[in-house]
2 protein chains.
Amino acid sequence: MKSNTARLHAVPDTGNSDTFAVPEIRQEGLSEHLARLNGTALRLHFHRSETIAAAGDTAAYVYVLSSGCIRLSHHVADGRRHIADFLFSGDIFGLGDASFFALSAEAVSPVTLAAYPRAVFDRLGEGNNHLRSDIFAHLSLAIAQAHRHLFLVSCLNARERVAAFLVRMMEKTQLVLGVRLDLPMPRQDIADHLGLSIETVCRALAALKAEAVIEVPNAHVIVMRDIGMLRAIASGPSQS
Amino acid sequence: MKSNTARLHAVPDTGNSDTFAVPEIRQEGLSEHLARLNGTALRLHFHRSETIAAAGDTAAYVYVLSSGCIRLSHHVADGRRHIADFLFSGDIFGLGDASFFALSAEAVSPVTLAAYPRAVFDRLGEGNNHLRSDIFAHLSLAIAQAHRHLFLVSCLNARERVAAFLVRMMEKTQLVLGVRLDLPMPRQDIADHLGLSIETVCRALAALKAEAVIEVPNAHVIVMRDIGMLRAIASGPSQS
DNA sequence: CGCACGGTTGAGGACATTCAAAAAACGTGG
DNA sequence: CCACGTTTTTTGAATGTCCTCAACCGTGCG
């Protein structure tokens, strides 16, 4: 699956710069605003595999994850599913869903989160330009990330997708300089996120391990051995 | 950014429910609001293959397409590219790009469009709740569509992707009940949109033709022979 | 201890890509 | 209007990647 136009190749591609940079900025703003709503927030939690909200449900709340990991997925009748994204502490779910949730949110690991009634949330926004622009920024970022992932799935091969996934998980979990990455989700979830089969995910990890780019002490921990190389692989078939 | 406003049509949807329904509602609101800005709008036009805005450019304007077709694409150095979406008359580009465009916009066919200075646009929004909620809806829709496309690229095979593409183009170009679909973009663009090679797109079209689902009188015209079947194919390996 | 479950690895096959070439469409200039 | 060169589209054959099916391994738990 590569596709693409042109198969020319020239590009030294130093092997670094993300070719599809999406600013991965923490959205401080929104969190602050939400803190002000604490009085009306519900504190909830869920254990592994529980459904927090199902696609099609009335979007009565906006959720902010305080701990754990959740997946945003789309299920179809015949068992196939696609996982749009994984959310971690500080991430927000439901902001873009005006009336009904477009995706299901399910707990990957034990989760605690705050649920803000949408009505209250909206009311607050009406008098607050700053909050609104934060929401705007949040939605824009969500679009940019969806497009980045679209590029990943459309243009990268299995090994590159897995590498890109690891890089992204590193960023999302703030483990920018660390070497030890915790992957709370099972392989099947990674597969459904990347548009691969579970076996292919395993094989891609094995390949990266064989190249000494990563180590896999156990199934849920990845040790980054060569982050530069990992990023290079993640950005496409430049030199691989 | 992408995406757009989209098109109405509640569509009888004969065939079966789209497994990933995205409300394809026309955003009347935005167009009306924009009309009020006519005084400040620039009227531009471009011919085939011209770049209207490049990724990374300062997002000084919000564009509304009045005629023609443009593609929103992401290019990488080695020649690969991904086309996030195609825009038609009435669609909006640049709304989600606060400072810089995340995607390039290029004319697929001769294009005329209106460019609204972002500053003016933003100022209008500050005093207008209705406009703001239209923008919000626009961004939400863009996210939903990106997710739908993500599902398509992650879970469907070549024939299904091409079928889904045809269905979507039918909807976008308001040709809900018609049978004659005009495809202004070259095969390579379709391939880069669907994450396939150009040859595979051709073969998928040939397969649909062989099944008597479509006819292809010439490369840029598709005649729908069995829309119900097309929708069934587009929604995945359920009963095909 | 034995079972269940998630993960890993192997073999074979399906599907999409690549390379190659022919056919059709397009534009230009005579 | 036609001839010509260029570009786009289509088809064919071979290759490669990823998927499917299946067995195996390791860990955790009753």
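Side chains are part of it too, since the values below use all heavy atoms of this structure and drop only hydrogens, waters and symmetry mates.
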**Request:** Output the distance between atom CZ (Arg187(A)) and atom CD1 (Ile198(A)), rounded to the nearest 0.5 Å.
**Result:** 8.0 Å

**Message:** Tell me which pairs pass ring pair (Phe, Tyr, Trp, His ring centres under 6.0 Å) where either residue lies in residues 181-208 of chain A, with sequence neighbours left out.
**Reply:** Phe86(A)-His193(A), His149(A)-His193(A), Phe165(A)-His193(A)

**Complete:** Rounded to the nearest 0.5 angstrom, the CE-CZ distance for Met185(A) and Arg48(A) is 11.5 Å

**Nucleotide dT20(D), atom C1' - distance to CG of Asn157(B) in whole Å** = 15 Å

**Request:** In whole angstrom, give the distance that lies between atom CG of Leu183(A) and atom P of dT8(C).
**Result:** 11 Å

**Prompt:** Counting side-chain heavy atoms from CB outward, which of dG7(C), dA16(C), dC18(D) is closest to Leu196(B)?
**Reply:** dA16(C)

**Item:** Polar side chain donor-acceptor pair, Ser67(B) to Thr112(B), under 3.5 angstrom
**Value:** yes

**Asked** Is there any ring pair (Phe, Tyr, Trp, His ring centres under 6.0 Å) pair reaching into residues 203-229 of chain B, and which pairs are they, with sequence neighbours excluded?
**Response** none

**Request:** List in chain and number order the residues that pass side chain to side chain contact (heavy atoms under 4.5 Å, CB included) with Ser49(B), two or more places apart in sequence or in another chain; answer none if no residue qualifies.
**Result:** none

**Fill in**
Here the distance between atom C1' of dT7(D) and atom CE of Met185(B), to the nearest Å, is 18 Å

**Message:** If I take atom CG from residue Leu72(A) and atom CZ from residue Phe93(A), how far apart are they, to the nearest 0.5 angstrom?
**Reply:** 5.5 Å

**Request:** Under the salt bridge (Lys or Arg N to Asp or Glu O under 4.0 Å) rule, collect the residues that match up with Glu215(A), sequence neighbours excluded.
**Result:** Arg225(A)

**Prompt:** Which pairs count as salt bridge (Lys or Arg N to Asp or Glu O under 4.0 Å) when at least one residue sits in residues 200-209 of chain A, sequence neighbours excluded?
**Reply:** none

**Fill in**
Winner on side-chain proximity to Ala158(A), out of dT10(D), dC18(D), dG7(C), is dC18(D)

**Message:** If you take any heavy atom closer than 4.0 Å to DNA chain C, which residues from residues 197-209 of chain A end up in contact?
**Reply:** Glu199(A), Cys202(A), Arg203(A), Ala206(A)

**Fill in**
Rounded to the nearest 0.5 Å, the CG atom of Leu152(A) sits from the CZ atom of Arg148(A) at a distance of 8.5 Å

**Length of the CD1-P vector between Ile190(A) and dC18(D), whole Å** = 16 Å

**Item:** Integer-rounded Å distance: dT17(C) C1' and Leu156(A) CG
**Value:** 16 Å

**Spacing between Ile222(A) atom CD1 and dG7(C) atom P, to the nearest angstrom** = 11 Å

**Prompt:** Counting only non-hydrogen atoms, which of residues 211-220 of chain A are less than 4.0 Å from DNA chain C?
**Reply:** Ala219(A), His220(A)

**Complete:** With sequence neighbours left out, the residues meeting ring pair (Phe, Tyr, Trp, His ring centres under 6.0 Å) with His82(A) are none

**Terminal axes of the helix from dC1(C)-dG30(D) to dG30(C)-dC1(D) (five pairs each): angle between them, nearest 10 degrees** = 30°

**Request:** Round to the nearest Å and state the distance from Arg161(B) atom CZ to dT17(C) atom C1'.
**Result:** 12 Å

**Message:** How long is the straight-line distance from CD1 of Ile52(B) back to CZ of Arg71(B), given to the nearest 0.5 Å?
**Reply:** 9.5 Å

Is there any protein nitrogen or oxygen under 3.5 Å from a nitrogen or oxygen in nucleotides 28-30 of chain D, and what are the pairs?
none

**Complete:** By ring pair (Phe, Tyr, Trp, His ring centres under 6.0 Å), Tyr63(A) pairs with (sequence neighbours left out) none

**Request:** Using whole Å, report how far CG of Leu194(B) lies from P of dA16(C).
**Result:** 12 Å

**Request:** Taking ring pair (Phe, Tyr, Trp, His ring centres under 6.0 Å) as the test, write out the residues that go with Phe46(B), two or more places apart.
**Result:** none

